[in-house]
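Notes for the one structure printed next.
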Amino acid sequence: MLIAASALAAAAAPAVPPGGRAVPTAGPGTSVVAVRTGADRAGDLVETPLAGVRLGLYAAVDSAAPVDPSWGVCTADAEGDCSFTVPDTGAGGANAGARYWVRQVSGGVPTGWFANPELRTGPGSGSDSTASPYAFRTPALTAGRTYSSLDTGPDGFMASDSFGTNYTASGGVWQSSRTNPVPTAGCGLDVAVVLDLSASVGSALPQLKAATDTFTDALTGTPSRMALFSFDQASPASSVDANHPELRPVSTKAGADAFKKQYAGWTLGKGTNWDKGLGAVASAVQRYEVVVVVTDGNPTRFGEEAEGDGSRTHFRDVENGIFAANAVKATGARVIALGVGKGVEGVSGLNLRALSGPALYDGSNVTRADYFQTVDFQAAGRDLHDLALARCQGSLSVVKQIVPAGNRGEDITGSVNAGPGWTFAATTDDPGIGGLPDARVTTDDGTGSVVFQPVFTTTGGGAVSIAEVQQPGHELVTQGGHNAVCTNLNTGQTVPVTDRDSAFTVMVPSTEAVSCLVHNRRVLPADVTVTKQWLVDGVRFPDGRQPEGLAATLGLTGPDGAGATPQPWGLTRPGYRVGDRATISETTTVTRPGCALVSSGLTALDGTAGDRILPYAATLTDSHLSAEITNVVDCADGTAPPPGPETPEPGTPTPDPSPSAPQPEPSDGPGTPPGSTGPGTALPATGTTGLPSLIVLAAGVSALGTALLALTASGRRKRSR
């Protein structure tokens, strides 16, 4: 059977990867050097390929140019394969047995990336640091063989599973760093903080937390949210229960305090795994504008299984951190590496640079810096403070909170951040301020905040007025008599405000940030209904059907702070608001011969039975307040009322054989309204023909007086029988 030559050739050729080209096959007189290039962390020890990386073969590690401008240079394809086909490596060939250094050529990265020609290696403590060239020497080349960066055997030259002092041990995938994204300009950030909890932090752990507190406080008062991660040899750190990838608003002190509480009890673990710390951020569903990594040492571990020796930093430890940082940057987040202490001083800046970007903080470029190297955590806290506020220079933030409907006056206890849809307008009469008028609307980000950033055409700042578009059913809640409380975020000092109706004006410095807190309260309408029952010789009557000579007038305070006025029983009084207080009282008269008032009290409130002394100050916790007052009356003859109009309707409860007087229960508030009878106060006597007048105690008689009346009435009934 004959087979076409073209078919044989196709069968012998290696498969071409999708979107790329095949790694060439070494021939009888050639050798192939293949390097894999990587971009972003895509899984545990898995990287996406990076096309466009240009590498060269050099005769020496510091040679100025590749050995050959043609075959001595390669460009990675879409599969991340960068391959050299070296000629004349057969016996006697010009390149037989040659060993070359693989290095990145100058400018050999695609757009949007930068190279790391050196990385720091050495002990994890930071001592004996070495700036190691990121270059790898091939084995002696033999014709017909392919040498791969991924091979850990004799045909490999990058990858190594041997650590210790083999500092240039690599994972075999060539690293390059993504260009650090630049967040949208403006005050307020969605930021993730990634804290190093390795054992080397030691006694400085409180200072690490304090530095994070400082950063959080600097963002408080702005439309900012924060998330929290930790790492040691794992993430979350082995000493910590969980990361907190969800963004929490820190626009108010309460929000900032809640965020700080998450790490207040954190303790230290062991090992330093940049790969896992940043990988946890990259894999979070939440997205961030800025990711701040606070670390006191170089990585000594990598991967899910915490590979590495845990005490030294090798290429492989750093490479994996770079791939994880690239994955974070791929989401649009800016990575800021903050190195603290001796463990990351000097040459260690090479690794911080590789995580973030080329710009070291020099004291004046805080908004452009990619990485920081500070002497201690106190200095780190100052840098974080400056980093947070640098974006807010010349800004005015307005934070809106909603006060519970039940609060009164200037009580803002329990306030929460406003939701979306609250509009604020900023204006100015200052000709030196541009960019106004402007209007901003709160979003659903949970901060309840908006921010204005005027354009100052003259130095010094100027007055900016803020007016709120009030939503229906809400009202402004002042603080100290003012419509807003404003603070200079740079100095922490209170900034005076000038009120005008519901608006306010505040001075905004051109080089500092001001934040103003505004409160509103939801107004919920409420009403009060009070009904009346009479219990006469154990027989129950609703008001209006009680025997003649028994009468009571209801008194109610409010709404709007009004004093007590008469109110018909069972008729609803509207006009209150949830949170108001209404004092319930009554004035009772008993003119029926031989009858006496034993007790009077509030026996039901919103459907809940109980004995409450009158007058009773009730708080309206819902839109409807219902109450019932029961008066107990005993008559001397001990007989039920005569038949006729006074007789209860069928279905009236059977007589209570042993009625008792209401027991005292605390009122929501003190005070006896005008026109009511307080505890122990005698009512005016009312005369009837041929009978002595009765002096009737009011609804709030003392417990002792009530008991004596009950005993006296009971004795009369026994004697009459």
Side-chain angles (χ1 to χ4, degrees), residues 20-21 23-27 29-39 49-90 92-121 130-151 155-159 167-179 315 318-319 322 347 350 353-354 357-358:
R21 60 179 182 275
V23 174
T25 301
T30 63
S31 301
V32 172
V33 177
V35 182
R36 179 66 56 83
T37 60
L50 179 59
V53 175
R54 297 177 66 240
L55 305 176
L57 294 178
Y58 294 84
V61 70
D62 56 355
S63 295
V67 292
D68 186 273
S70 177
W71 58 261
V73 176
C74 73
T75 302
D77 63 13
E79 297 301 313
D81 291 319
C82 192
S83 302
F84 307 89
T85 300
V86 183
D88 298 326
T89 57
N95 299 321
R99 300 185 67 189
Y100 299 114
W101 288 88
V102 180
R103 243 179 49 212
Q104 203 151 7
V105 301
S106 178
V109 287
T111 301
W113 298 78
F114 64 91
N116 300 297
E118 291 182 315
L119 295 176
R120 183 270 176 190
T121 60
T130 300
S132 297
Y134 195 72
F136 302 89
R137 197 177 189 190
T138 68
L141 302 183
T142 301
R145 297 179 70 172
T146 296
Y147 301 90
S148 170
S149 65
L150 299 173
D151 193 340
D155 288 341
F157 59 93
M158 277 184 67
Y167 290 120
T168 59
S170 168
V173 178
W174 197 277
Q175 54 75 29
S176 298
S177 296
R178 279 188 181 271
T179 301
F315 278 166
V318 184
E319 288 168 349
I322 293 170
V347 173
L350 293 170
R353 170 190 184 276

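For the numbers below, each heavy atom of this structure counts, side chains included, while hydrogens, waters and symmetry mates do not.
Every residue two or more places apart in sequence or in another chain that forms a side chain to side chain donor-acceptor pair (under 3.5 Å) with Arg145 is listed here: Asp155. For the side-chain contact (heavy atoms from CB on, under 4.5 Å) test, residues two or more places apart in sequence or in another chain that qualify with Ala354 are Asn116, Leu119, Ser177, Ile322. Remark: Ser31 pairs with Thr89 by the side chain to side chain donor-acceptor pair (under 3.5 Å) rule, at least two apart or across chains. Under the ring pair (Phe, Tyr, Trp, His ring centres under 6.0 Å) criterion, Tyr134 pairs with Phe136, Trp174, Phe315, not counting sequence neighbours. For Tyr100, the side chain to side chain donor-acceptor pair (under 3.5 Å) partners are Asn95, not counting sequence neighbours. With sequence neighbours excluded, no residue satisfies side chain to side chain donor-acceptor pair (under 3.5 Å) with Asp151. For Thr130, the side-chain contact (heavy atoms from CB on, under 4.5 Å) criterion is met by Thr121, Ser132, not counting sequence neighbours. Among residues two or more places apart in sequence or in another chain, the salt bridge (Lys or Arg N to Asp or Glu O under 4.0 Å) test is passed with Arg120 by none.
Between Leu50 and Pro110, some side-chain heavy-atom pair lies under the 4.5 Å cut-off. Val173 is not listed as a side-chain neighbour of Thr37, based on a closest heavy-atom distance of 4.5 Å or more. Taking the side chain as every heavy atom from C-beta outward, Val33 and Leu141 approach each other to under 4.5 Å. Contact annotation: the side chain of Thr75 never approaches that of Val53 to less than 4.5 Å [non-hydrogen atoms, C-beta and beyond]. No side-chain heavy atom of Cys74 sits under 4.5 Å from any side-chain heavy atom of Ser83.
Taking each heavy atom of Ser149 and Gly172 in turn, the nearest pair found is OG-O, 2.8 Å. In terms of heavy-atom proximity, Pro139 sits nearest to Tyr147 at CG-CD2, 3.8 Å. Heavy-atom minimum distance, Arg353 versus Ala115: NH1-O, 3.3 Å. The nearest pair of heavy atoms linking Cys82 to Ala76 is SG-N, 3.7 Å. Here the shortest heavy-atom pairing between Val102 and Phe157 reads CG2-CE1, 3.8 Å. Shown here for Ala39 and Pro49, the closest heavy-atom pair between the two residues is CB-O, 3.7 Å.
Within the 3.5 Å criterion, the main-chain N or O of Trp113 finds no donor-acceptor partner in the side chain of Arg178.
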Quick one: do Met158 and Ser148 satisfy side-chain contact (heavy atoms from CB on, under 4.5 Å)? Show the steps, please.
-> CA-CA 8 Å; Met158 277 184 67; Ser148 170; over 6 Å; no

Show the numbers, then the answer: is there a side-chain contact (heavy atoms from CB on, under 4.5 Å) between Thr25 and Val32?
-> CA-CA 7 Å; Thr25 301; Val32 172; over 6 Å; no

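Within the structure, the salt bridge (Lys or Arg N to Asp or Glu O under 4.0 Å) test picks out no pair touching residues 130-142 (sequence neighbours left out).
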Can I get a per-line list of side-chain donor-acceptor pairs under 3.5 Å for residues 54-68, giving both atom names and the distance, sequence neighbours left out?
residue : atom : partner : partner atom : Å
Ser63   : OG   : Ala60   : N            : 2.9
Ser63   : OG   : Ala60   : O            : 3.3
Asp68   : OD1  : Ser70   : N            : 2.7
Asp68   : OD1  : Trp71   : N            : 3.0
Asp68   : OD2  : Trp71   : NE1          : 3.3

